[in-house]
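This one's a predicted model, so the numbers in the text were calculated from it and none came from an experiment.
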Amino acid sequence: MSFTLATWNINSVRLREPIVQKLLMEEAPDVLCLQECKSPVEKIPMEGFAALGYTHMIARGQKGYNGVAILSRLPMKEVTSFDFAALGHARHIAGQLENGVTIHNFYVPAGGDVPDRDVNEKFGQKLDYLTDMRDHFFAEKPGKSILVGDLNIAPREDDVWSHKQLLKVVSHTPVEVEALAQVQDAANWVDITRQDIPEGQLYSWWSYRAKDWNAADKGRRLDHVWATPDISNAGHASRILRDARGWEKPSDHAPVFATFDL
DNA sequence: ATGGTCGATACTCGA
């Protein structure tokens, strides 16, 4: 059995309902993981998604901020929801497909502007969240699992438009890159996007503040698809749908895709 | 070095 999965920070699922439907119609992933839904679960416009075949949804929501959801046209049951760093935020949900594969959908805290936990509480929360992720996956050592989401860190030099200019910018600082590496190492997660596309600049986010995001191309790869080693060889066909960044009323993130043959 | 743009909410915060 083969299924295609996409992850997309949607920055308001209600405002973006038309382009979520566009993605479902044009790209038809079997599973779509959304972050920053910015909506209580009961206000997610799921009728339109169900009409397109996405009749299964699991979600965590809150008013105004955060929020994660998994839309699926394959049967899926909810398995867990973590509150790492005890923030009380809707930043994680996990579901399991009938083939036994577990899908973790994360929205890691962005971390504020200043990369110093002594002066910026949000940066400390981001590091604490990553520590709790690491400790959980080290203790659990999951199998047959996929981890996706907006991890808010661009780990590689070629995951940002300028490694040198972003070294002190939250999302690419050495302390964050190290913390993310520890999460990855905790369960030997394989970066499927980079397994498929090992060379070259690769971005999934472009700021709204650029005059012309496409021409400036000052992007970062903040959105990730990882898999446990027992299924990593099944992952292929990774791509980032850059076009979606230019759609009507776009999110500042583009969807990241991967296909798994299991 | 600075400011630039979004979205939700309610006159500000988070990204």
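Distances shown here put a side-chain N or O of A/Arg16 below 4.0 Å from the OP1 or OP2 atom of B/dG7.
Rounded to an integer number of Å, the gap from A/Asp252 CG to B/dA15 C1' is 7 Å. Between the CG atom of A/Asn120 and the P atom of B/dG14 there is a distance of 10 Å, rounded to whole Å. The interatomic distance linking A/Asp150 (CG) with B/dG7 (P) rounds to 16 Å, in whole Å. Between the P atom of B/dA15 and the CH2 atom of A/Trp205 lies a distance of 13 Å, rounded to the nearest Å. Following rounding to the nearest Å, A/Asp113 (CG) and B/dG4 (P) show an atom-to-atom distance of 15 Å. The separation between A/Glu176 atom CD and B/dA15 atom P is 13 Å, rounded to whole Å. A/Lys218 has its NZ atom 15 Å from the P atom of B/dG4, to the nearest Å. Straight-line distance from the CD atom of A/Glu248 to the C1' atom of B/dC6: 15 Å, rounded to whole Å.
Here the separation of B/dG7 from B/dA1, taken at their C1' atoms, is 27 Å to the nearest Å. Straight-line distance between the P atoms of B/dA10 and B/dG14: roughly 14 Å, to the nearest whole Å. One C1' atom belongs to B/dA8, the other to B/dG3, and the distance between them is 23 Å to the nearest Å. A gap of 15 Å separates the P atoms of B/dA15 and B/dT9, to the nearest Å.
Comparing B/dA15, B/dA8, B/dT5 by their closest approach to the side chain of A/Tyr208 singles out B/dT5.
Looking at A/Thr193 and A/Val256, their side chains come closer than 4.5 Å, going by heavy atoms from C-beta outward.
Side-chain N/O atoms of A/Arg14 and base N/O atoms of B/dA8 include no donor-acceptor pair closer than 3.5 Å.
Remark on DNA chain B: of its neighbouring residues A/Gln62 and A/Tyr65, the 5'-side contact belongs to A/Gln62, judged by nearest-heavy-atom nucleotide. Comparing A/Pro250 and A/Asn9 along DNA chain B, the residue whose closest nucleotide (by nearest heavy atom) sits nearer the 5' end is A/Pro250.
Residue pairs satisfying the ring pair (Phe, Tyr, Trp, His ring centres under 6.0 Å) criterion with at least one member in residues 155-176 of chain A, sequence neighbours excluded, are listed as follows: A/His163-A/His172.
Of the candidates A/Ile70, A/Ile103, A/Val41, A/Leu71, A/Ile58 forms a side chain to side chain contact (heavy atoms under 4.5 Å, CB included) with just one, namely A/Ile70.
Counting non-hydrogen atoms under 4.0 angstrom, A/Lys63 reaches the backbone sugars and phosphates but no base. Within the nucleic acid shown, A/Lys249 comes within 4.0 Å of sugar-phosphate atoms alone, with no base atom in reach, counting heavy atoms only. Counting any heavy atom pair closer than 4.0 Å across all strands shown, A/Arg91 reaches sugar-phosphate atoms only and no base atom.
In this structure, a donor-acceptor pair under 3.5 Å is present between the side chains of A/Asp261 and A/His236.
One N or O on the side chain of A/Lys126 and one on the backbone of A/Ala110 form a donor-acceptor pair closer than 3.5 Å.
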